[in-house]
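Note that these values count all heavy atoms, side chains included, but never hydrogens, waters or copies made by symmetry.
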Amino acid sequence: MAVNDLTSPLLSPRSSDQPQAVITIRDDEDSESSDHSPSNRQSTLLANTHHWNYNHSQVNNEKVTVISTNPYDFLGSGKYSVPTPTTVDPFRNGTPFISGFYEVIKTILCLPIALARLVLFGACLAVGYVATRIALEGWKDKQNPMPKWRSRIMWVTRFCARFVLFSFGYQWIRRKGKPAPREIAPIVVSNHVSYIEPIFYFYELFPTIVASESHDSTPFVGTIIRAMQVIYVNRFSSASRKNAVNEIKRRVACDNFPRVLLFPEGTTTNGKVLMSFQLGAFIPGHPVQPIIVRYPHVHFDQSWGLISLAKLMFRMFTQFHNFMEVEYLPVVVPPDHKIQSPVHFAERTGQAMASALNVVQTSHSYGDLMLLMKAAELQQERPWSYMVEMARIESLFQISSLEAVDFLDKFISMKPDTRGCVKLHDFLRVLRLKACKLSEEIFGFLDVAKNGSITFKQFLFGVAHVMKQPLFKQACELAFAECDVRGDNYCMKEELADILRQAIPDLNEDEVHGLFDLFDTDNDGRISRDDFLCCLRKNPLLIALFSPRLLQKDFPIAGDGMVEEIV
């Protein structure tokens, strides 16, 4: 099939009773060996194209016009769907304020008790801190298990932790089941609702924990958790996560280390759902004992959520008693004690915990908390509506939580209404696009519900879908190569304007200047390759502006073995 069959000039539209053609272009076996050559990658870019312009094919010696309104057909993009928004908010505290006559009276009556509890809390923290400093004094070999005599000193700190729980109103804690011996289940996992669980597990199990690096600098507490030989991890660094998994494996393999405790949800929830699990506890492939924690309540929800720590502590101090239940579940063992798929292992453990808690497990993750906090920081009226079940998006599109937060920042700059929806005008304003057929098709690509507005979830799914296309990165590189007319690895405004006007012919100078400023990320008056690729990474929808130029190039076709299947 000749190249001009795909790029021939526009023909007059045919009547609706004319047959339509669907064309599939495949490489034969001889061409598979050269699929990765530059010429064939360029051919693939062209061969997968059904651009927003009109394409043509030969059917029974007649020209048939195939019309597509998807501006990303040239990347091989097809239709995609966006899941309906979930109404579940795993972070919302049910009692964020003191409300009701009973709670007001109880708070007033408990103020003297709260002062006594505060004194007890401070005294226990001070004694525990001193005991921990004595236990750690002169100990330099922290890569090996803590010596027994130092561990015995830590019993002072552990008893202090129990009195800390007492000061918070946990005079008794109901337990169900028993912790399995360390040699049977060297790893324990738990749901995470409040800051209370780490204190309880410190007293009950004295495990090694996996925690964020930021905890090390916490006054007093940082010193105490160092005595637990904490495994620090930076959740945004793949190298740090890999090192943490290797350290978990090392410590689990040594019986002299205490068991390892992880909160696989990665953050606190309100306890009404179980979020998706991180895989750090399941990659080593050792038996895991799940533990679930409940906080039964009527007037005071003890979950952390977005409540400040000081406010949550005050509410705890002013309760007569706070209820807490801990249940040790049966050990979950990989089949035949062999390492299985970590994902499957995590799913089995999550199902056991969700069943015992009588809750559902969602695809929310720490990334959703980041989106929620960002939306709240930017004073959105309904910040919870910007959560997208980030674990699902990371799995589908390999997009990170940090990238999602950046896209949320851009979406909110479009000034969504009180429902969290953006109209066409504001969408075009932020992307520096003028109203035209192509711009409307880009917006229509995101507006899967076809109601004239887009939500953040639709926006994020759309840009992530475009970035996931295997030809996206190649198209970005080729687009810059077309802009680099002089071959000096820079693109000037006039060169960019020539290419943009092939997609939007009536762009005026101000509109060209707006798009040029968007691409010129370092504001030096010219667009480097890094500027260009960085802009398209942050604004992947703009790659559609370069499709006419890419399609006009005389890219070589991948061999003679390409065939047409016309349906």
Side-chain angles (χ1 to χ4, degrees), residues 117 120-136 139 142 145-148 150-175 177-182 185-233 248 251-252 256-265 267-268 281 289-295 302 304 309 312-313 316 322 324-328:
R117 287 175 170 175
L120 176 62
F121 168 75
C124 292
L125 189 61
V127 172
Y129 174 76
V130 171
T132 303
R133 288 297 300 267
I134 294 173
L136 295 178
W139 184 37
K142 293 184 173 61
M146 177 179 280
K148 290 185 178 181
R150 295 182 184 272
S151 297
R152 292 191 183 100
I153 297 177
M154 287 303 300
W155 267 107
V156 176
T157 309
R158 294 173 67 178
F159 278 120
C160 288
R162 182 62 187 92
F163 280 103
V164 166
L165 293 175
F166 186 90
S167 71
F168 282 124
Y170 299 95
Q171 290 87 3
W172 65 87
I173 298 172
R174 182 184 175 187
R175 296 171 177 80
K178 294 182 179 181
R182 195 261 182 218
I187 299 175
V188 294
V189 296
S190 172
N191 62 318
H192 199 5
V193 179
S194 180
Y195 61 85
I196 295 299
E197 299 103 44
I199 301 174
F200 171 80
Y201 290 131
F202 176 79
Y203 162 71
E204 182 92 342
L205 302 175
F206 192 54
T208 291
I209 63 172
V210 179
S212 170
E213 295 174 341
S214 60
H215 288 82
D216 186 67
S217 58
T218 306
F220 297 102
V221 176
T223 299
I224 294 174
I225 65 174
R226 278 197 293 274
M228 302 169 70
Q229 295 187 270
V230 63
I231 301 172
Y232 291 114
V233 61
I248 292 172
R251 299 195 186 186
V252 166
N256 293 326
F257 274 106
R259 70 193 84 208
V260 179
L261 167 68
L262 296 100
F263 298 104
E265 292 172 287
T267 187
T268 56
Q289 182 174 32
I291 309 173
I292 58 173
V293 179
R294 306 182 187 91
Y295 295 91
Q302 299 153 62
W304 200 339
L309 179 59
L312 190 61
M313 290 176 64
M316 286 184 175
N322 290 309
M324 179 180 181
E325 298 176 355
V326 179
E327 182 176 355
Y328 296 92

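- Side-chain N/O atoms of Thr132 and Thr157 include a donor and acceptor closer than 3.5 Å.
- At a threshold of 4.5 Å between non-hydrogen side-chain atoms, the residues Ile187 and Ile248 count as touching.
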*Where do Phe121 and Met313 land on the side chain to side chain contact (heavy atoms under 4.5 Å, CB included) test, with the steps shown first?*
CA-CA 11 Å; Phe121 168 75; Met313 290 176 64; 4.0 Å; yes
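- The backbone N or O of Val293 sits less than 3.5 Å from a side-chain atom of Asn191, completing a donor-acceptor pair.
- With rounding to the nearest 0.5 angstrom, the CE atom of Met324 is 5.0 Å from the CD1 atom of Ile173.
- For the atom pair CE (Met228) and OG1 (Thr208), the distance works out to 7.0 Å, reported to the nearest 0.5 Å.
- Counting only distance, with no hydrogens or angles, the side chain of Gln289 and the backbone of Lys178 share a donor-acceptor pair below 3.5 Å.
- A cation-pi arrangement is not found for Arg152 relative to Trp155, the charged atom failing to lie both closer than 6.0 Å to the ring centre and inside a 45° cone about the ring normal.
- The minimum heavy-atom distance linking Pro264 with Val189 is given by the pair CD-CB, 3.9 Å.
- Between Arg117 and Phe166 there is no side-chain heavy-atom pair separated by less than 4.5 Å.
- The line from CD of Gln302 to CG of Leu312 is 8.0 Å long, rounded to the nearest 0.5 Å.
- With contacts defined as side-chain heavy-atom distances shorter than 4.5 Å, the pair Trp304/Leu309 qualifies.
- Between Ala135 and Ile153, the shortest heavy-atom distance links the atoms CB-CG2, 3.9 Å.
- A salt bridge is defined here as a Lys NZ or Arg NE, NH1 or NH2 lying under 4.0 Å from an Asp or Glu carboxylate O, and Arg175 with Glu204 meets this definition.
- With a 4.5 Å cut-off on side-chain heavy atoms, Pro186 and Phe257 do not count as touching.
- Using a 4.5 Å heavy-atom cutoff, the side chains of Val260 and Val188 are not in contact.
- Residue pairs satisfying the side-chain hydrogen bond (donor to acceptor under 3.5 Å, both in side chains) criterion with at least one member in residues 192-202, sequence neighbours excluded, are listed as follows: Ser190-Tyr201, His192-Glu197, Glu197-Tyr295.
- Put simply, the side chain of Asn322 gets close to the backbone of Phe168: a donor and an acceptor are under 3.5 Å apart.
- No side-chain heavy atom of Phe206 sits under 4.5 Å from any side-chain heavy atom of Arg259.
- Between the side chain of Arg158 and the backbone N or O of Tyr203 there is at least one donor-acceptor pair closer than 3.5 Å.
- The shortest side-chain heavy-atom distance between Phe202 and Ile199 does not fall under the 4.5 Å cut-off.
- Taking the six-membered ring for Trp and the full ring otherwise, Phe163 and Phe159 have centroids separated by 6.0 Å or more.
- By the salt bridge (Lys or Arg N to Asp or Glu O under 4.0 Å) test, Glu325 pairs with Arg174, Arg294, sequence neighbours left out.
- Arg251 pairs by the salt bridge (Lys or Arg N to Asp or Glu O under 4.0 Å) definition with Glu247, not counting sequence neighbours.
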*Step by step, would you call Val156 with Val127 a side chain to side chain contact (heavy atoms under 4.5 Å, CB included)?*
CA-CA 8 Å; Val156 176; Val127 172; 4.2 Å; yes
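- Within the 4.5 Å cutoff, no side-chain heavy atoms of Pro258 are placed close to those of Leu205.
- Nearest heavy atom pair, residue Ala185 against residue Ala180, reads CB-CB, 4.1 Å.
- Annotation for Tyr232: atom OH counts as buried by contact number, over 12 foreign heavy atoms lying within 6.0 Å.
- Taking both residues in full, the closest heavy atoms of Ile291 and Tyr328 are given as CD1-CE2, 3.6 Å, listed atom of the first, atom of the second, then distance.
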